[in-house]
Amino acid sequence: MEQDYKPHEIETKWQKKWTESGIFQAEPDKREKFFITIPYPYLNGNLHAGHTRTFTIGDVVARHKRMLGYNVLYPMGFHVTGTPIVGLAELIASRDPQTMDVYERLHGIPGDILPTLDTPEKIVDYFKHEAEKAMRMIGYSIDWRRKFTTTDPTYKKFIEWQYIRLGEKDLIVKGSHPVKWCPNDNNPVEDHDILYGEEATIVEYTLIKFRYKDIVLPCATLRPETTYGVTNLWVNPDVDYVKARVEKDGIEEFWVVSRDAFRKLTFTDRTVEYIEDVPAKSIIGIKLTNPVTGEEVISLPASFVRPENGSGIVMSVPAHAPFDYLALRDLYDVDLSKYGITEDLRKIELISLIKVPEFGEFPAKEIVENMGVTSQKDPRAEEATKIVYRREFHGGVLKEITGKYEGHAVSKIKDILTKDLISSNAGETFYEFSEPIVCRCGTSCVVNMVKGQWFLNYSNPEWKAKVYRCLSQMRIIPAEYRVEFENKVDWLKDKACARRKGLGTRLPFDKEWLIESLGDSTIYMSYYIIARFIEKGDLTLEQLTLSFFDYVLLGKGDPKAVSADTGLDPKLVEEIRRHFVYWYPVDLRSSGKDLVPNHLLFFLFHHVALFEEENWPRALAVNGFVSLEGQKMSKSKGPILTLESAVSEYGADITRLYILSTAEQTQDADWHKAGIDSARRQVDRFYSFAKDVIESGKRANLSMELKQIDRWMLSRMQNYIRETNIALDAIQTREAIQNSFSCS
RNA sequence: GCGAGGGUUGCCCAGCCCGGUCAAAGGCGCCGGACUUAAGAUCCGGUAUCGAAGGAUUUCGUGGGUUCGAAUCCCACCCCUCGCACCA
């Protein structure tokens, strides 16, 4: 043993031995297997402290399982599909100052190399080489024979197979979807294009179609169930309205909406044509038909109606909406004869449709009276609205008046109800921003519908049901995240799965489109098994046929038929299948928590859609982020700490120890100087302690009988080992380190 | 707004599921000591407040409640972080 701790010497020595002996090259054998995967890194930069944490957790679990006697496979690939690498190539080609600075200074790319990385291909080549080098430097126990890049032609064959099979199951559908759009640039706006309103999201409203003669007055609402309680509409006498011909799915109608709403409609998936201006006065005092109840409702004037919100016409539910109740009450003694309204508005009866424990029949009336809200201009009206909506949404149940929806929880009924409204043409979906968005060019943005888009049909209830079943059988680490996963499955809607730009695989049944990058990284863990044979030279591109994948991954068909199809030896085909059967399913997929609502979810969806239940994933683990001296990392802007620079400066063991001991599980870790320095001292101390133990071991008489104190020592030791094992099983690396090092 | 997580002693953080042994683990910092020519490293002790000490007092976001007893259980409220989609 050396006198002083010299990490780089020790590390180089052992890493060399590992590579030469191929000790981490896993092959099926008699032992029980453990297949652990970590999401492969996206290569628009060097690996950083965030990767370091996630990958080190994976490596620690892999090594621990090996110690416990498992045959462990820990593979790694490289993700390059999508647009960011293309964007980065453009920025480097144009010598964007910030990019050049960040990538040279923070990503550590030598100044003579950086300018040459001006195409996506060169970037991929460079970073995949660097990433592997870095991961070897930190000593990950990866089977490198199985590495691949998502633009490999062989990988594309695998992705094509997947999408053809998903398509056959009708899980890929065509449709349109809303995007944030700048009418001036004629382009979707991305977050960095936005001048004001970065926080804005697209909100789904339902337009309820109230009819008067041959015209429709659509009202936008977030609560379509309240249509059953509408007593009247609100029209603002001071707003400009227009009549338009609106056509959608072959149905032609004439709508009256505010001028602002008309502009928004022109960007939707409707054909819209201006007919004429409509004076507000002419649509006040008219009697319209409620499309769900068939009842007649009157339109009344209200100044609170904003032309830029929704359609500029509002439906009134005074029993449940404080503003509506107040506006109605404010009109009780107003002379409305100039609108031709002569009836006594006090005769308008409130219609109650939601039963909620905290309130009586008319929650809006009740809260307005209890809080003493004076009028629709009273600021407390807003507060009253929030309280009523919250109570009704969470605790409310629909009453008899809603017919077949009676007894359903308000919080659960919206999707079903909306679907019914649309299919009976009582309503339509309408998208709007939660707050106005202004593009960097100064134009105010709209919601535009992109047509002919391909979707993964994640909203499919049967598909979701399978995912729930899969989740219920899985181990989730930490356990608190189970509810999070369940919520996200519930929340997930259809997802656009194709793009025009970027790197990736073309959609096999519509070659104009590229498969979106999150959709091509869902079941690739199975590809690691095939990649090992491609690396060996046993498989060529042409031999990766549909029947090959069907047999190897699903067990469908038989080796002879595959052999006839591909020219492969049937024995080899069986061998590959045998490898798949041995390694699959994935025993643990461990990842940063940012991937919970997207990648990890899609990982489950695609597995349950394609594979037999016995090959569904067994466990998911989630870990937190890493910040630097309290600051969030950013690949494109900095700050960033690369894995390579951390290991160069501190050595692999100190880096690994520190990143795993500074925070537990889903907590975020902060990388700071004082912390890493203390980790360095801890390893130093341990090294000299180990040295002492070895030295004293040489002097001691080992045949001597154990004394009481030795037994105590052994007991303590065994206790720490047990605690460490328990902690590692739960992937509590901090706990494990504290236990295993407290014995020194 | 919705969903998830969190607010603990100078700081980071453990404990909370399974109430008492909790003035509350561990690390960092700080203070004192040992070692040293000295510094660093290492080791020992201390680190809410008052007291020499036994001990006493006030603490675990805020306010209530349950209980003989609450950081831990229940209710309400406040604050913080993250996600909310076609972007990896």
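In what follows, chains carry the letters A, B, and so on, assigned in the order in which the sequence lines appear, proteins first and then strands, with residues in each chain numbered from 1.
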Practice problem: Scan A:N598 against the nucleic acid and name what it touches under 4.0 Å (heavy atoms): base, sugar-phosphate only, or nothing. | Solution: base
Quiz prompt | Distance, P atom - from B:rA25 to B:rU47, rounded to whole angstrom | solution = 10 Å
Quiz item: Is the NZ or CZ atom of A:R589 both under 6.0 Å from the centre of the six-membered ring of A:F603 and within 45° of that ring's axis?
Solution: yes
Quiz item: How would you list, by chain and number, every residue that makes a ring-ring contact (aromatic ring centres under 6.0 Å, His included) with A:F602, sequence neighbours excluded?
Solution: A:Y458
Quiz item: Hey, does A:H672 reach any base, or is it just sugar-phosphate, or nothing, if we go heavy atoms under 4.0 Å?
Solution: nothing
Self-check item: Upstream residue (5' side of RNA chain B) when A:L492 and A:E480 are each assigned their closest nucleotide
Solution: A:E480
Quiz item: Looking only at atom P, what distance separates B:rG61 and B:rA14, rounded to whole Å?
Solution: 14 Å
Self-check item: P-based separation of B:rC17 from B:rU72 [nearest Å]
Solution: 9 Å
Quiz prompt | Nearest-angstrom distance, P atom, B:rU8 to B:rA56 | solution = 28 Å
Exercise. Answer with base, sugar-phosphate or nothing: what part of the nucleic acid does A:Q667 contact at a heavy-atom distance below 4.0 Å?
Key: sugar-phosphate
Quiz item: If you measure from the C1' atom in B:rG64 to the same atom in B:rG54, how many Å do you get, rounded?
Solution: 37 Å
Quiz item: Looking for any heavy atom pair under 4.0 Å, which part of the strands does A:R734 touch: base, sugar-phosphate only, or nothing?
Solution: base
Quiz item: Looking only at atom P, what distance separates B:rG55 and B:rA23, rounded to whole Å?
Solution: 12 Å
Practice problem: Check salt bridge (Lys or Arg N to Asp or Glu O under 4.0 Å) between A:D729 and all other residues, then give those that pass, not counting sequence neighbours. | Solution: A:R475
Quiz item: Taking the six-membered ring where the residue is Trp, are the ring centres of A:F158 and A:Y527 under 6.0 Å apart?
Solution: yes
Practice problem: Rounded to whole angstrom, note down the C1' distance from B:rC78 over to B:rC87. | Solution: 34 Å
Exercise. Could you list the residues that satisfy salt bridge (Lys or Arg N to Asp or Glu O under 4.0 Å) with A:E130, not counting sequence neighbours?
Key: A:K133
Quiz item: A:F509 and A:Y163: aromatic ring centres closer than 6.0 Å?
Solution: no
Quiz item: With sugar-phosphate meaning primed atoms plus P, OP1 and OP2, does A:D494 contact a base, only sugar-phosphate, or nothing at under 4.0 Å between heavy atoms?
Solution: base
Quiz prompt | Any pair counted as salt bridge (Lys or Arg N to Asp or Glu O under 4.0 Å), so long as it reaches residues 490-502 of chain A, sequence neighbours left out | solution = A:E204-A:K493, A:K495-A:E516, A:R500-A:E512
Quiz item: What is the nucleic acid contact for A:T83, judged by heavy atoms within less than 4.0 Å: base, sugar-phosphate only, or nothing?
Solution: sugar-phosphate
Quiz item: What pairs with A:F485 under ring-ring contact (aromatic ring centres under 6.0 Å, His included), at least two apart in sequence or on another chain?
Solution: none
Practice problem: Go through RNA chain B in 5' to 3' direction and return only the first and the last nucleotide with some atom under 4.0 Å of chain A's heavy atoms. | Solution: B:rC2 to B:rA88
Self-check item: Partner set under ring-ring contact (aromatic ring centres under 6.0 Å, His included) for A:Y103, not counting sequence neighbours
Solution: A:H107
Quiz item: At under 4.0 Å between heavy atoms, what does A:K593 touch on the DNA or RNA strands: base, sugar-phosphate, or nothing?
Solution: nothing
Quiz item: Does B:rG63 have a Watson-Crick or wobble mate here (both distances under 3.5 Å), and if so which one?
Solution: B:rC75
Practice problem: Name all residues meeting the ring-ring contact (aromatic ring centres under 6.0 Å, His included) criterion together with A:H177; count only those two or more places apart in sequence or in a different chain, and write none if there are none. | Solution: A:F455
Quiz prompt | P spacing across the pair B:rU59 / B:rA71, given as an integer number of angstrom | solution = 10 Å
Self-check item: RNA chain B-proximal residues of residues 513-523 of chain A, any heavy atom under 4.0 Å
Solution: A:E516, A:S517, A:L518
